[in-house]
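We name chains A, B, ... by the order of the sequence lines, and we start the count at 1 in each one.
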There are 2 protein chains.
Amino acid sequence: MSHSPADPRRALTLRDVSEASGVSEMTVSRVLRNRGDVSDATREKVLEAARTLGYVPNKIAGALASQRVNLVGVIIPSLSNLVFPEVLSGISKELEDTGLQPVIGVTSYSPEKEESVLYEMLSWRPSGLIIAGLDHTAAARTMLENAGIPIVEIMDVDGTGVDSVVGISHRRAGLHMAEAIVAAGYRRIGFLGTKVTQDYRAQKRLDGFKEGLAAAGLSLSDEEYYSGGSALLKGREMTEAILKRSPDLDFLYYSNDMIGAGGLLWCLEHGYDVPGRIGLAGFNGVDLLDGLPRRLATMDACRREIGARAAQIISGRGQSGQIGGEVIELEPVLQLGDTIRKA
Amino acid sequence: MSHSPADPRRALTLRDVSEASGVSEMTVSRVLRNRGDVSDATREKVLEAARTLGYVPNKIAGALASQRVNLVGVIIPSLSNLVFPEVLSGISKELEDTGLQPVIGVTSYSPEKEESVLYEMLSWRPSGLIIAGLDHTAAARTMLENAGIPIVEIMDVDGTGVDSVVGISHRRAGLHMAEAIVAAGYRRIGFLGTKVTQDYRAQKRLDGFKEGLAAAGLSLSDEEYYSGGSALLKGREMTEAILKRSPDLDFLYYSNDMIGAGGLLWCLEHGYDVPGRIGLAGFNGVDLLDGLPRRLATMDACRREIGARAAQIISGRGQSGQIGGEVIELEPVLQLGDTIRKA
DNA sequence: TTGCTGCCCGTTACCGCTAACATAAATCGG
DNA sequence: CCGATTTATGTTAGCGGTAACGGGCAGCAA
C-alpha cells in the first residue's frame with residue numbers, strides 16, 4: 001500500500017498525478033477526459049501514473065468548474081410497486097451510452113417527501129429531471145418551473161405539465177376497461193383497490209371507469225379497499241370479503257394486477273366459473289401474469305417505453321426536434337386474457 | 001416570474017440572496033445551514049429573501065468547500081429481483097433522519113459494469129458505500145480498499161470482505177435446506193435455477209446444498225436452468241420439463257421463490273400430491289408467497305435487516321462501537337410452509 | 001474607566017477541477 | 001528562411017460555497 005510523502009491517507013488529486021508524471025495538472029485533466037490535443041507519449045505517461053496511484057477524479061470539483069453535471073434525477077413514489085423498477089430499467093437502458101447517469105429518489109407517495117426529495121435533487125444541479133405524476137405541491141411545482149433544466153413528468157397525461165410529459169391517460173384507461181366489460185355483458189360490477197388516496201393515477205383510473213359505467217347507465221355495485229401487506233394475499237381476502245357481502249357481483253375490477261392475481265386464484269379455488277359466472281380484470285400488464293393458471297385481463301401501462309421516451313427527451317434524442325414542452329401520450333393496450341368472456 | 005436584473009435565466013447563488021437581504025454571503029450560508037450564531041431578526045430576513053427568490057443551495061459547491069458529502073452509494077445487481085428493493089427500503093428507512101441520502105447504482109450482475117459504476121460513484125466522494133456481494137474484480141477491490149470511506153459488503157458472508165460485511169451464509173442456507181429435505185425423507189432431488197453464472201450467491205447456495213446432500217450419501221438427481229422471462233412462467237415450464245425427463249423425482253429445490261411459486265402452481269394443477277408425492281422449496285421468503293394456494297417452503301434471507309444494519313454501520317449507529325471491519329452474520333430462518341412433509 | 005467575555009457578522013483563503021487564454025515548439029508553403 | 005499556421009503544453013482565474021479567523025459592540029465585574 002504505497003502512499004504519498006505528506007499524508008498517507010490524503011485523497012489523491014490531480015496534482016499528485018501531475019507530479020508523478022511530470023506534466024501540468026491541466027494536461028492530466030485533458031488526458032483523463034480525452035479532450036484537446038495531447039501527444040501519445042505524454043498520454044501514456046499520465047495514464048500510467050494515474051493507474052498506479054489509483055487516482056479517481058473528483059467529479060464534485062469537476063462539475064463545479066465546468067458547470068456540467070452528468071446526472072439525471074428520477075423521482076418515483078415507490079420501488080416495491082414493480083411498475084417503477086421497469087420504468088427505471090427503460091430509463092437506464094436509454095441513458096446507457098449518453099454519459100448521463102440516473103439518480104433515484106423515492107417519495108413513498110407522500111407529497112411532502114416528494115417536495116424534500118426534489119429540493120435535495122435540485123441542489124445537486126442535475127442536467128435533467130424525470131418525475132412521476134403531474135400532481136405536486138405548489139412549492140414543488142415552483143421549483144420545477146424555476147429549475148432551468150429539462151423536466152419530464154411521466155406516467156400520466158391527465159393534467160397540465162410543467163415542461164414535457166410522457167405517459168398514458170389513466171382516465172381513458174379506466175374508461176376503456178369499463179366499455180370492454182359492459183360490452184361483454186357484465187352488469188353488476190365491483191371495484192377493489194388501494195386505500196392510498198395519494199395514488200392520483202389509480203384515482204383517475206377509477207374516475208374514468210365510473211364514467212364508462214355511467215355512459216351505459218351503470219354504476220359500481222360495491223367497493224373494497226386495502227392498504228399494506230402482501231398484495232396477492234390482500235387480493236384473496238378482499239375478493240372473499242366483497243363476494244360474501246355482494247354475492248351477485250358478476251365482475252371485479254382490480255386497481256392493480258397483483259391483487260387481481262390474488263383474486264383470480266381465490267375464485268378458481270372456490271370453483272367460480274371464470275369468466276362465465278364472474279369476470280376479472282386488473283391493471284398494468286406485469287409479466288407475472290404469464291405464469292398464472294389463467295391470464296388475467298389487464299391493460300398494459302407501457303412502463304418501459306415511458307421510461308425510454310422520457311430519457312430520450314432528457315438526452316436530447318427525442319424523435320421530434322422539439323426543445324421542450326413535448327407531450328407524448330402512449331396508448332395502453334387492452335389485453336382481454338382469459339378472464340373476460342368474449343362478446 | 002421575477003428575475004434578477006442581469007440575466008433572467010441565471011441560476012441563483014448565495015450572492016443573490018445576500019444582496020436581497022443586505023447581509024454577507026457567509027451569514028446567508030449560516031442561516032441556511034442553521035450553523036453558528038445569527039440573530040433572529042437577520043435569520044428571518046434571510047429566510048424570507050431565500051424563499052421569495054426560490055433559492056436552492058448548490059450542494060456541489062458546498063460539498064467541495066466543506067469536504068463533506070451527504071451521499072451513501074449503494075451498488076446492487078438488479079432492481080427487478082424483488083430482493084433488492086427490499087434491501088433498499090431497509091437502507092433508506094434507516095438513513096432517513098441521519099441527513100444521509102442513498103444513491104443507487106445497478107450492475108446487471110456484470111462485474112465490468114460493477115467496476116464502472118463503482119468508479120463513477122467514488123468520483124462523487126460519497127461518505128460511505130454499500131455494495132452487494134464479496135466478489136469483485138481486482139480493480140474494483142483495489143478501489144474499495146483505497147476509497148478511504150466506510151465500505152459495507154452485503155448479502156453474503158462466505159468469503160473475505162474489504163471492510164465491514166453484513167449478510168447470511170448462502171452456503172449454510174443451502175446446506176440447512178438440504179438437511180431439512182433429507183430429514184423429511186425425500187431422496188430423489190432435483191434443482192432448478194438461473195443460468196446466470198455471475199450470481200455468486202445462488203452458486204454458493206447450490207454448493208452448500210450439494211454438500212448437505214453428500215453428507216447423507218445423496219446427490220442431485222437432475223438439474224434445470226433458465227434465463228430471462230417471467231420467473232413464474234419459467235418456473236412452470238422448467239418444472240414440467242424436469243418432471244417429464246425425471247418422473248421419479250420426489251423433491252424440487254428452486255433457486256428463488258418466484259420460480260418455486262410457478263412450480264407449485266404447476267404441480268397443483270397437474271394433481272401432484274404436495275408435499276406427499278413431491279416436495280418443493282424456494283429461497284428468499286418474498287411476501288408474495290402468502291397469497292399462494294399453499295405456502296412454499298423457503299428460507300428468509302433477512303433482506304430488510306441486512307439493509308438496516310448496513311446503513312447503521314455507515315451512519316455510525318452500529319450497535320458495536322467498532323470503527324470498521326465489522327462482520328455481522330444474520331441467521332436465515334427456515335420456513336417449512338406446506339410443501340415439505342413433516343417428519 | 002479598563003479589560004474581558006460573548007454575541008453577531010464580515011473577510012480571506014481555499015476546496016479540486018476546468019474554460020479560456022497564453023506560450024513555446026514544430027510544421028509548412030512560397 | 002520567414003511569417004502563418006498547427007500542435008502540445010502551461011498559466012490564470014474562477015465555479016459557489018464553507019472553515020477559520022478577525023473584529024466591532026454591548027454587557028459587566030473590578
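- Considering only side-chain atoms of A:Thr42, the nucleotide from C:dC9, D:dG17, D:dT9 that sits closest is D:dT9.
- Contact between the side-chain N/O atoms of A:Gln67 and the OP1/OP2 oxygens of D:dG16 is found at a separation under 4.0 Å.
- Between A:Arg68 and C:dA19 there is a side-chain N or O to OP1 or OP2 distance below 4.0 Å.
- Out of D:dG17, C:dG16, D:dA19, the shortest distance to the side chain of B:Tyr55 is found at D:dG17.
- Summarising the geometry, the separation between CZ on B:Arg43 and C1' on C:dC9 is reported as 13 Å, rounded to the nearest angstrom.
- C:dC14 atom P lies 13 Å from atom CZ of A:Arg15, rounded to whole Å.
- Dashed line: the shortest gap from a side-chain N or O of A:Arg33 to OP1 or OP2 of C:dT18 is under 4.0 Å.
- Contact annotation: B:Thr27 side-chain N/O to C:dG10 OP1/OP2 distance is under 4.0 Å.
- Panel note: side chain B:Ser21, backbone B:Val46; no donor-acceptor pair is recorded below 3.5 Å.
- In summary, the side chains of A:Ser110 and A:Ser108 do not present any donor paired with an acceptor at a separation below 3.5 Å, with no hydrogens or angles considered.
- In this structure, CD of B:Glu25 is placed 14 Å from C1' of C:dA13, rounded to the nearest angstrom.
- Counting only N and O atoms by type, the side chains of B:Arg68 and B:Ser127 include no donor and acceptor under 3.5 Å apart.
- When distances are taken from the side chain of A:Ser39 to each of C:dA20, D:dA20, D:dT9, the shortest belongs to D:dT9.
- Residue-to-nucleotide proximity on DNA chain C shows that, of B:Arg125 and B:Asp40, the 5′-proximal contact is made by B:Asp40.
- Here the P atom of nucleotide C:dC17 and the CD atom of A:Glu19 are 13 Å apart, to the nearest Å.
- Side chain of B:Leu14, nearest nucleotide from D:dG17, C:dA20, C:dT11: D:dG17.
- Without hydrogens or angle criteria, B:Asn70 side chain to B:Leu100 main chain gives no donor-acceptor distance under 3.5 Å.
- For the pair A:Asp37 CG and D:dT9 P, the interatomic distance rounds to 9 Å; values are reported in whole Å.
- Using a 4.0 Å cut-off on heavy atoms, the residues of residues 58-66 of chain A that approach DNA chain D are A:Leu64, A:Ala65, listed by number.
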Give every pair of a protein N or O atom and an N or O atom of nucleotides 22-24 of chain C that lie under 3.5 Å apart, one pair per line with the distance.
none

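- Distance CG (A:Asp16) to P (C:dG16): 10 Å, rounded to an integer number of Å.
- Side-chain atoms of A:Glu153 come within 3.5 Å of backbone atoms of A:Val162 as a donor-acceptor pair (strictly under, hydrogens ignored).
- No side-chain donor-acceptor contact under 3.5 Å links B:Ser164 to the backbone of B:Val152.
- C:dC9 atom P lies 13 Å from atom CD of B:Glu44, rounded to whole Å.
- In this structure, B:Leu12 atom CG and D:dC15 atom C1' are separated by 16 Å, rounded to whole Å.
- Of the possible polar contacts, none joining the B:Asn81 side chain to the B:Phe84 backbone as a donor-acceptor pair under 3.5 Å is found.
- In this structure, the side chain of B:Thr142 engages the main chain of B:Ala138 through a donor-acceptor pair within 3.5 Å.
- Between C:dG10, C:dA20, D:dG17, one nucleotide has an atom nearer to the side chain of B:Ser24 than all others, and that is C:dG10.
- No more than 12 heavy-atom neighbours from other residues, nucleotides or ligands sit within 6.0 angstrom of CZ on A:Arg15.
- Side-chain proximity of A:Arg30 to D:dT9, C:dG10, C:dA19: nearest is D:dT9.
- Screening B:Ile130, B:Leu88, B:Ile91, B:Thr107 for a side chain to side chain contact (heavy atoms under 4.5 Å, CB included) with B:Ile76, the sole residue that qualifies is B:Leu88.
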